[in-house]
Amino acid sequence: MNDQLAPAPMSTPHNTLPQSPQEWMKVFRFVLLIAAIDLIGWLVAPGMFAPVARTTWDYLAEAIVILIPVAVLMGLFEVSMPKQLIGQYLGRESGWKGVALAFVFGALPTGPLYVAFPIAAMLLQKGARPLNVMVLLNAWAALKLPQLTVETQFLGPTFMLVRVALTIPATIAIGWLVEKFNRRQVSAPRAP
Amino acid sequence: MSSLFTASLYGVVFGALALLALRDRAQARRALQVALKSFFSMLPIMLTVIGFIGLLLGLVPPDWIARYLGGEASIWATLGVLALGAVLYIASIVSVPLAGSLLRAGASVTTIAAFLTGLMMVGTLTLPLEIKYLGKRMALTRNALSLVFALIIAVVMGMILR
């Protein structure tokens, strides 16, 4: 009766910070490049680069303001909810409850989509419904909580809400159709 | 955008952190550590995209963006941007501010929604990985259907919003 999921591939890969000044330089190389372009441009053609400076500053302020609560949200999730739970609940559920849980789990802040593939493979192996697994994947891709937060900030609440309202039925439809197209194959997916 | 949204987000998130700190100090400290790590791991890419947005919007005349990505632009602009979104792999932390800046500069809702949904739901670059885990048939059907639905979502959004 061991329903445990292998914990290995679930950590977010880009969660370690650079260790040395060289590594920091490497991480920020594009930032430094753009800063250099901005600086040279401003020295050569100050009039032309004034709007660049203004736009950069406006977006910088906006981004920092939203990144702080998003980061704290990720931290809170990390300590209060073990990721293994995702698989355990979803694997056993079926029907609309399973679909709803797949949406909730997909929306939780859990890292990029490729983290979800091994989880999806394991769930299918354990006999989870393909519909639920596909809903998990697409919700993971398009309905992530931190992403919706940033989206509300930059595209506005109306855009975000309408997109979510359309994406939810689309996600169910995609999952249902994938299940239909994969009737024979779903019993034996293999996790490498 | 809306300061009410930002304020309530800060309230909820930091309120939850305070509650956690009252209940379990060590856990709250760990949450804060993870938060700091996440913040600094998002920072380089975020600063890069902001620098890029600054150059783009500062140097490209706004009427160009409106002309090539705006309401006047043909269905080909939408399809092109959808294909671009489907092929590229850009983290949403980057693509969303970029999409927002283009929308504010005059791009149409349909174009921006096509780019974003294509980017989010279809992963051409990650397709080999997806095939490895889910099998060819399932990975391909998911991506193909996601592409179709991304277009539908974009068109409907363009009809609803304005």
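Reckoned from all heavy atoms, side chains included, excluding hydrogens, waters and symmetry mates. In what follows, chains are A, B, ... by sequence order, proteins preceding strands, each numbered from 1.
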Looking only at heavy atoms, which two atoms of B:Gly58 and A:Val52 are closest? And how far apart? CA-CG2, 3.7 Å
Honestly curious: do B:Leu140 and B:Val122 fall in one hydrophobic cluster under the side-chain, below-4.5 Å linking rule? no
Tell me, for A:Ile68 versus chain B, whether the close heavy atoms (under 4.5 Å) come from the side chain, the backbone, both or neither. both
Tell me, with the steps shown, if B:Met120 and A:Thr167 meet side chain to side chain contact (heavy atoms under 4.5 Å, CB included). CA-CA 11 Å; B:Met120 289 168 183; A:Thr167 302; over 6 Å; no
Whatever's closer than 4.5 Å to a heavy atom in chain A on B:Met46 counts as side chain
Set out, in order, the CA-CA distance, both residues' side-chain angles and the distance that settles side chain to side chain contact (heavy atoms under 4.5 Å, CB included) for A:Leu155 and B:Val96, then state yes or no. CA-CA 8 Å; A:Leu155 290 150; B:Val96 170; 4.0 Å; yes
I need the residue from A:Ala170, A:Pro69, A:Ala142 with the largest number of non-hydrogen atom pairs under 4.5 Å to chain B. A:Pro69
Can you check whether B:Leu55 reaches A:Thr56 side chain to side chain, under 4.5 Å on heavy atoms? no
Part of B:Leu161 lying under 4.5 Å from any heavy atom of chain A: side chain
Examine whether an atom of B:Leu17 lies under 4.5 Å from a heavy atom of chain A, and if so say whether it belongs to the side chain, the backbone or both; otherwise answer neither. both
Quick check: is B:Leu103 connected to B:Met159 through a chain of hydrophobic side chains (ILVMFWY, heavy atoms under 4.5 Å apart)? yes
Max heavy-atom pair count under 4.5 Å with chain A, selected residue of B:Phe52, B:Phe149, B:Phe40: B:Phe149
When only pairs under 4.5 Å are counted, which of A:Leu113, A:Leu33, A:Thr149, A:Leu137 shares the most heavy-atom pairs with chain B? A:Thr149
Max heavy-atom pair count under 4.5 Å with chain B, selected residue of A:Leu60, A:Thr171, A:Ile34: A:Ile34
Do you know which of A:Glu151, A:Arg163, A:Met74 has the most heavy-atom pairs under 4.5 Å to chain B? A:Arg163
Top contributor to chain A interface from B:Gly51, B:Pro97, B:Gly100, B:Ala154 [non-hydrogen pairs under 4.5 Å]: B:Pro97
Side chain / backbone / both / neither for B:Ile153 at chain A, heavy atoms under 4.5 Å: both
Report the distance from atom CG of A:Leu73 to atom CG of B:Leu9, rounding to the nearest 0.5 Å. 7.5 Å
Which of the residues A:Asn138, A:Val150, A:Val27, A:Leu143 is involved in the greatest number of heavy-atom pairs with chain B at under 4.5 angstrom? A:Asn138
Once rounded to the nearest 0.5 Å, what's the spacing between atom CZ of A:Phe117 and atom CG of B:Leu127? 8.0 Å
Should A:Trp24 and A:Phe30 be regarded as members of a common hydrophobic cluster, given that ILVMFWY residues are connected when their side-chain heavy atoms come within less than 4.5 Å of each other, either directly or indirectly? no
Take atom CZ of A:Arg29 as the centre, draw a 6.0 Å sphere, and report whether it contains more than 12 heavy atoms from other residues, nucleotides or ligands. yes
Less than 4.5 Å to any heavy atom of chain B: does that hold for the side chain of A:Met134, its backbone, both, or neither? side chain
Chain B contact via A:Phe159 - which portion, at a heavy-atom distance below 4.5 Å: both
Is it the side chain or the backbone of B:Leu59 that comes within 4.5 Å of chain A heavy atoms, both, or neither? both
Find the distance between CD1 (A:Ile66) and CZ (B:Phe5) and round it off to the nearest 0.5 Å. 4.5 Å
Pick from A:Ile64, A:Asp58, A:Leu67, A:Val162 with the largest number of heavy-atom pairs that fall under 4.5 Å of chain B: A:Leu67
Using a 6.0 Å cut-off, check whether atom CH2 of A:Trp57 has over 12 heavy atoms from anything other than its own residue. no
Measure the shortest side-chain to side-chain distance between A:Glu62 and B:Ile50 over non-hydrogen atoms and say whether it is less than 4.5 angstrom. no
Verdict with supporting geometry, B:Ser101 and A:Phe154, side chain to side chain contact (heavy atoms under 4.5 Å, CB included): CA-CA 8 Å; B:Ser101 72; A:Phe154 284 98; over 6 Å; no
Which atoms form the tightest heavy-atom contact between A:Leu76 and B:Val13, and what is the distance? CD1-O, 3.6 Å
Basic-acidic side-chain contact under 4.0 Å: B:Arg137, A:Glu179: no
Should A:Val104 and A:Leu123 be regarded as members of a common hydrophobic cluster, given that ILVMFWY residues are connected when their side-chain heavy atoms come within less than 4.5 Å of each other, either directly or indirectly? no
Using heavy-atom distances under 4.5 Å, tell me whether B:Leu116 contacts chain A through its side chain, its backbone, both, or neither. side chain
State yes or no: do A:Phe181 and B:Ile152 share one hydrophobic cluster built from I, L, V, M, F, W and Y residues joined by side-chain heavy-atom distances below 4.5 Å, directly or via other members? yes
Quick check on B:Phe39 against chain A: is it the side chain, the backbone, both or neither that has a heavy atom closer than 4.5 Å? both
Check against side chain to side chain contact (heavy atoms under 4.5 Å, CB included), B:Val34 and A:Phe77: CA-CA 10 Å; B:Val34 174; A:Phe77 174 73; over 6 Å; no
B:Leu134 CG to A:Leu124 CG distance, which is reported to the nearest 0.5 Å: 6.5 Å
